Amino acid sequence: SLLRIVYEASLQAEYIVHDPSARTERAEAFLDWQWIERDRLRQIIEAGRTNFARRLRDAPLRKIGSGENELNDNLRRIGDRYLRTNGKTRRHWYPEHTMLDLAKAIGRHSEFEWFQFLLSNAIHSGSYSLQSSPTLNSRTVLVYGWVFTFRILAMAVSHLAIQLDPLLKQNVDASLVCLLDRGSPT
């Protein structure tokens, strides 16, 4: 769901700026992770047995090497930054093992467990979601989406030291309060 995407993006943004001494390193790790993702996609295409994979492998731009050199150069540049102790590449850009660990690192453990259950269960067609009426109505989804988006904005405002007008500052600050400690959004 889009709500889960925005929620996880807000957690990652908050994690990046959470520790001022690690902000630059975390931001670079986030941005450089794209090269790992691009390499994984390249491996999927190379190993693919479908017509689609063959068409991608045989695409004219790919034959020219468009992007391949840049990808390989960046993979060499980032080296073993994302390797675990067993020599395998981590599953995520952040060193924590899971999104739950990341949420714990920024003090959003309880909120994460709640939203992860609701949003993941629906996405993965969990028995609870399939047998229950929608847990989140459209207004709730809209309000939570707004809050998570404003959290991302709050991280940018903090990092860039942007001065907001009082009403906007109030809304941005309100987004940082744990949603489980608020009244109902409906």
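This is a predicted model, so every value here is computed, not measured.
Listed by chain and number, the residues in a side chain to side chain contact (heavy atoms under 4.5 Å, CB included) with I78 are D32, W35, I36, L75, Y82 (sequence neighbours excluded). Listed by chain and residue number, Y15 satisfy the side-chain hydrogen bond (donor to acceptor under 3.5 Å, both in side chains) test with E96 (two or more places apart in sequence, or in another chain). Take L56 and apply the side chain to side chain contact (heavy atoms under 4.5 Å, CB included) test, not counting sequence neighbours, and it matches I45, F52. For V141, the side chain to side chain contact (heavy atoms under 4.5 Å, CB included) partners at least two apart in sequence or on another chain are L3, L136. Applying the side chain to side chain contact (heavy atoms under 4.5 Å, CB included) rule to Q170 yields the partners L167; only residues at least two apart in sequence or on another chain are considered.
D80 contributes no side-chain N or O that, together with a main-chain N or O of L83, makes up a donor-acceptor pair within less than 3.5 Å. The main-chain N or O of M155 is never found under 3.5 Å from a side-chain atom of S158 such that the two would form a donor-acceptor pair. Remark: the backbone N or O of F117 is not paired with any side-chain donor or acceptor of S120 at under 3.5 angstrom.
No side-chain donor from either of E68 and N72 sits under 3.5 Å from a side-chain acceptor of the other. Between the side chains of W93 and Q12, at least one donor-acceptor pair of N or O atoms lies under 3.5 Å.
Under a hydrophobic-cluster definition in which Ile, Leu, Val, Met, Phe, Trp and Tyr are linked whenever side-chain heavy atoms come within less than 4.5 Å, directly or via other members, I152 and Y94 are assigned to different clusters. Hydrophobic clustering (side-chain heavy atoms under 4.5 Å, transitive across Ile, Leu, Val, Met, Phe, Trp, Tyr) keeps L142 apart from I5. Linking Ile, Leu, Val, Met, Phe, Trp and Tyr whenever their side-chain heavy atoms come within less than 4.5 Å puts L179 and W146 in one cluster.
Note on D173 versus K169: salt bridge recorded, some NZ/NE/NH1/NH2 to OD/OE distance being below 4.0 Å. Using a 4.0 Å cut-off between a side-chain N of Lys or Arg and a carboxylate O of Asp or Glu, E46 and R42 do not qualify as a salt bridge.
Each salt bridge (charged side-chain N to carboxylate O under 4.0 Å, His left out) pair with one or both residues in residues 104-117, not counting sequence neighbours, appears once here: E14-R108, R108-E111, E111-R151.
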(message) Run L41 and R38 through side chain to side chain contact (heavy atoms under 4.5 Å, CB included) and show every step you take.
(response) CA-CA 5 Å; L41 182 57; R38 288 174 186 235; 5.7 Å; no
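Side-chain contact between R23 and E28 is absent, with no heavy atoms from C-beta onward closer than 4.5 Å.
A 6.0 Å sphere centred on CZ of R77 holds more than 12 heavy atoms belonging to other residues, nucleotides or ligands. By the 6.0 Å contact criterion, CG on L160 is enclosed, its count of non-hydrogen atoms from other residues, nucleotides or ligands being greater than 12. The 12-atom threshold is exceeded at CZ of R54, counting heavy atoms of other residues, nucleotides or ligands nearer than 6.0 Å.
Between F115 and F148, the distance separating the two ring centers is shorter than 6.0 angstrom.
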